[in-house]
Q: 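Just passing along the structure, written as structure tokens.
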2 protein chains.
Amino acid sequence: MKSSSEDTPPMAPQLLSSRNFKSLFDSVDTFLFDCDGVIWKGEKLIDGVAQTLDLIRSKGKNVVFVTNNSVKSRRQYAEKFRSLGVPSVTQDEIFSSSFAAAMYLKVNNFHKDKKVYVIGGEGILEELQIAGFTGLGGPEDGEKRAQWKSNSLFEHDKSVGAVVVGLDPNINYYKLQYGTLCVRENPGCLFIATNRDAVGHMTDLQEWPGAGCMVAAMCGSTEREPIVVGKPSTFMMDFLLQKFGTETSRMCMVGDRLDTDILFGQNAGCKTLLVLTGVTSESNLLKEGNEIEPDYYTSTVSDMMKLMESP
Amino acid sequence: MKSSSEDTPPMAPQLLSSRNFKSLFDSVDTFLFDCDGVIWKGEKLIDGVAQTLDLIRSKGKNVVFVTNNSVKSRRQYAEKFRSLGVPSVTQDEIFSSSFAAAMYLKVNNFHKDKKVYVIGGEGILEELQIAGFTGLGGPEDGEKRAQWKSNSLFEHDKSVGAVVVGLDPNINYYKLQYGTLCVRENPGCLFIATNRDAVGHMTDLQEWPGAGCMVAAMCGSTEREPIVVGKPSTFMMDFLLQKFGTETSRMCMVGDRLDTDILFGQNAGCKTLLVLTGVTSESNLLKEGNEIEPDYYTSTVSDMMKLMESP
């Protein structure tokens with residue numbers, strides 16, 4: 001008997017080929033792309049990305065960019081796409097974890113009179129402001145120092161009702177102390193993490209500590225676990241579904257990380273495609289003991305263009 | 001039948017009284033004291049401590065100070081005792097987690113050609129040097145910044161064979177990046193934590209993030225768990241036993257924290273006495289769900305003096 005489920009993804013990851021790509025492409029309305037390690041690496045666009053995105057759009061598919069990097073706002077991301085030579089990407093196609101943090105507060109009716117302390121970049125503060133919330137901290141506290149002196153009391157704002165923690169290149173004791181006091185002492189204060197990626201490519205050449213480093217620091221001092229709004233949490237999926245009026249089974253998540261991108265896609269019920277331009281190597285993917293397996297994998301995003309153009 | 005085990009500690013914590021104190025005092029050769037929250041709070045000696053220590057010594061008992069605070073070396077701790085009006089305490093009576101980190105490397109034959117990267121205070125570097133090891137990092141890296149620029153490579157010393165992480169008031173991204181690269185990329189590099197206290201009294205008035213904050217940050221970026229040398233790990237106990245030629249059942253750990261001091265005492269087989277001058281309140285001790293119970297508890301160390309002097 002012939003298998004009746006040509007659309008059902010196989011159990012083991014399949015190398016993308018001209019045969020299985022057609023089946024994947026036809027079954028998908030919306031391609032979700034991670035950015036860092038998929039679209040670019042540091043400040044360098046990955047070869048063939050712009051043309052591939054144009055070709056996917058020309059076939060009537062939606063493209064969406066789902067990034068855990070919280071340093072930038074959606075506006076700043078659109079600017080980065082433009083500066084790297086992909087001006088076609090609009091703010092509305094970008095779902096960053098900085099946006100997700102602001103949306104989490106919005107859908108949970110966070111009171112506008114309360115404030116949000118930010119350990120992270122300008123992007124979080126910008127998204128909070130657009131959503132109508134008052135943020136404090138962030139880059140402004142980068143040079144502040146806390147003094148350990150007898151009888152010194154560290155004052156913190158009692159109206160802070162949430163601490164949002166993301167990747168912070170200017171992490172310091174002052175910020176960790178401020179955030180810790182809010183979470184430990186302000187009744188009901190939320191502790192929100194943009195994401196928990198251990199490392200990322202802040203430059204082209206190396207992996208550096210990611211938001212998971214700052215989030216873990218806050219876990220260590222508050223003895224609390226955060227609410228995570230970025231990948232692999234599926235919090236952002238509700239926005240995507242509403243926007244595109246589709247089902248998650250007709251989406252495909254394209255990413256370079258197993259523990260965030262591919263797990264996110266799987267958690268949400270999407271198809272998944274791993275590219276090898278980022279943190280995951282083919283040997284890591286295929287090694288024994290790896291428990292997160294994408295439906296498909298290929299070397300780079302522009303392989304999709306070659307497969308679309310092949311006869 | 002009368003219980004045959006008058007010396008066996010009861011299951012529930014007992015408030016120290018003139019009756020049970022005599023039995024405790026007679027059964028103990030060595031009193032181990034935590035410092036912060038027991039002997040002092042920030043830069044202020046707790047009332048009656050100096051006289052109580054003198055009285056305990058005058059009865060032929062040993063006193064030892066076991067502190068998780070790694071910011072100071074033993075020499076610096078002896079200096080602190082002197083400056084607060086307790087000049088009788090010598091370096092040899094002090095077992096700090098900075099000393100423990102150096103001793104861990106020593107007993108594990110850490111190669112003298114390898115280096116140790118320090119996220120923490122001067123005290124760790126001083127103890128490493130006394131033990132014959134080469135440390136780098138620490139306060140010296142407090143003002144360094146890492147640049148996220150395309151094609152920038154962060155150089156780290158490939159001969160670093162251990163990263164020691166303790167409380168660091170000058171924690172920054174540079175140090176976390178340096179330590180993370182060593183642990184992730186130098187083959188066999190050890191990851192040692194002085195301790196994992198979530199918070200501590202860096203000033204008299206508030207709890208501030210403790211070494212557990214910096215250690216957790218490194219766990220978040222390295223995806224590794226550390227070797228812990230301070231309380232509640234019993235690593236330092238071997239030194240104490242050798243020094244005093246006694247049994248742990250004839251020691252009593254006096255501390256203000258359930259999850260470090262009291263657990264450390266219990267893990268090592270000591271008797272335990274909680275004082276309420278630090279982070280644990282009586283209501284926290286007695287609340288339902290608390291699983292770490294000392295044998296005895298009392299309001300402050302000088303209660304021991306009053307009970308010794310009572311008829």
Q: Evaluate whether atom NZ of A:Lys115 has more than 12 neighbouring non-hydrogen atoms of other residues, nucleotides or ligands under 6.0 angstrom away.
A: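 Atom NZ in A:Lys115 is not packed in, count stays at 12 or less.
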
Q: Is it true that a side-chain atom of B:Glu223 and a backbone atom of A:Ala198 form a donor plus acceptor pair closer than 3.5 Å?
A: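 Answer holds: no.
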
Q: For A:Ser152, is it the side chain, the backbone, both, or neither that has a heavy atom closer than 4.5 Å to a heavy atom of chain B?
A: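 Its backbone and side chain both get close to chain B.
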
Q: At their closest point, which heavy atom of B:Gln177 faces which heavy atom of A:Pro209, and how far apart are they?
A: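 Closest approach of B:Gln177 to A:Pro209: OE1-CD, 2.6 Å.
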
Q: At what distance, to the nearest 0.5 angstrom, does CG of A:Leu176 lie from CD1 of B:Ile171?
A: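 Going from the CG atom of A:Leu176 to the CD1 atom of B:Ile171 covers 8.0 Å.
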
Q: I need the B:Thr180 OG1 to A:Glu207 CD distance, nearest 0.5 Å.
A: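 Those atoms lie 11.0 Å apart.
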
Q: Minimum heavy-atom separation for A:Gly220 to B:Ala216, with atom names?
A: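 Heavy-atom minimum between the residues: CA-CB, 3.8 Å.
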
Q: Less than 4.5 Å apart, any side-chain heavy atom of A:Arg184 and any of B:Val199?
A: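 Yes - at least one pair of side-chain heavy atoms lies under 4.5 Å apart.
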
Q: Measure A:Asp168 against the heavy atoms of chain B and call it side chain, backbone, both or neither at under 4.5 Å.
A: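 Contact with chain B is through the backbone of A:Asp168 alone.
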
Q: Calculate, to the nearest 0.5 Å, the distance between atoms CG and CG belonging to B:Leu205 and A:Asn151 respectively.
A: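 Between B:Leu205 CG and A:Asn151 CG, I get 5.5 Å after rounding to 0.5 Å.
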
Q: Tell me if the CG atom of A:Asp47 is crowded by more than 12 foreign heavy atoms within 6.0 Å.
A: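 At most 12 heavy atoms, drawn from other residues, nucleotides or ligands, come within 6.0 Å of this atom.
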
Q: Heavy-atom cut-off 4.5 Å, strictly under: side chain, backbone, both or neither for A:Met202 against chain B?
A: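 Contact with chain B is through both the backbone and side chain of A:Met202.
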
Q: Select one option (side chain, backbone, both, neither) describing which atoms of B:Arg196 are under 4.5 Å from chain A's heavy atoms.
A: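 For B:Arg196, there is no contact with chain A at all, as no heavy atom is under 4.5 Å.
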
Q: Calculate, to the nearest 0.5 Å, the distance between atoms CG and CD belonging to B:Leu181 and A:Gln206 respectively.
A: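 Between B:Leu181 CG and A:Gln206 CD, I get 5.0 Å after rounding to 0.5 Å.
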
Q: Answer yes or no: does atom NZ of A:Lys158 have more than 12 heavy-atom neighbours from other residues, nucleotides or ligands under 6.0 Å?
A: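 Yes - once you tally the heavy atoms of other residues, nucleotides and ligands closer than 6.0 Å, there are more than 12.
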
Q: Between A:Pro169 and B:Tyr173, which heavy-atom pair has the shortest distance, and what is it?
A: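 For A:Pro169 versus B:Tyr173, the nearest heavy atoms are O-CB, 3.3 Å.
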
Q: Could you check whether atom CD of A:Glu79 has more than 12 heavy atoms from other residues, nucleotides or ligands sitting under 6.0 Å from it?
A: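 Counting other residues, nucleotides and ligands, CD of A:Glu79 exceeds 12 neighbours.
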
Q: Could you look at A:Gln147 and say if it's the side chain, the backbone, both or neither that has a heavy atom under 4.5 Å from chain B?
A: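 The answer is the backbone of A:Gln147.
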
Q: Counting neighbours of CD on A:Glu185 that are heavy atoms of other residues, nucleotides or ligands and sit closer than 6.0 Å, is the number greater than 12?
A: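 Yes, the 6.0 Å shell around CD holds more than 12 heavy atoms from other groups.
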
Q: Can you tell me how far the OH atom of B:Tyr178 sits from the CH2 atom of A:Trp208, to the nearest 0.5 Å?
A: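 That separation rounds to 12.5 Å.
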
Q: Is the count of non-hydrogen atoms from other residues, nucleotides or ligands lying under 6.0 Å from B:Lys149 atom NZ greater than 12?
A: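 No, not enclosed.
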
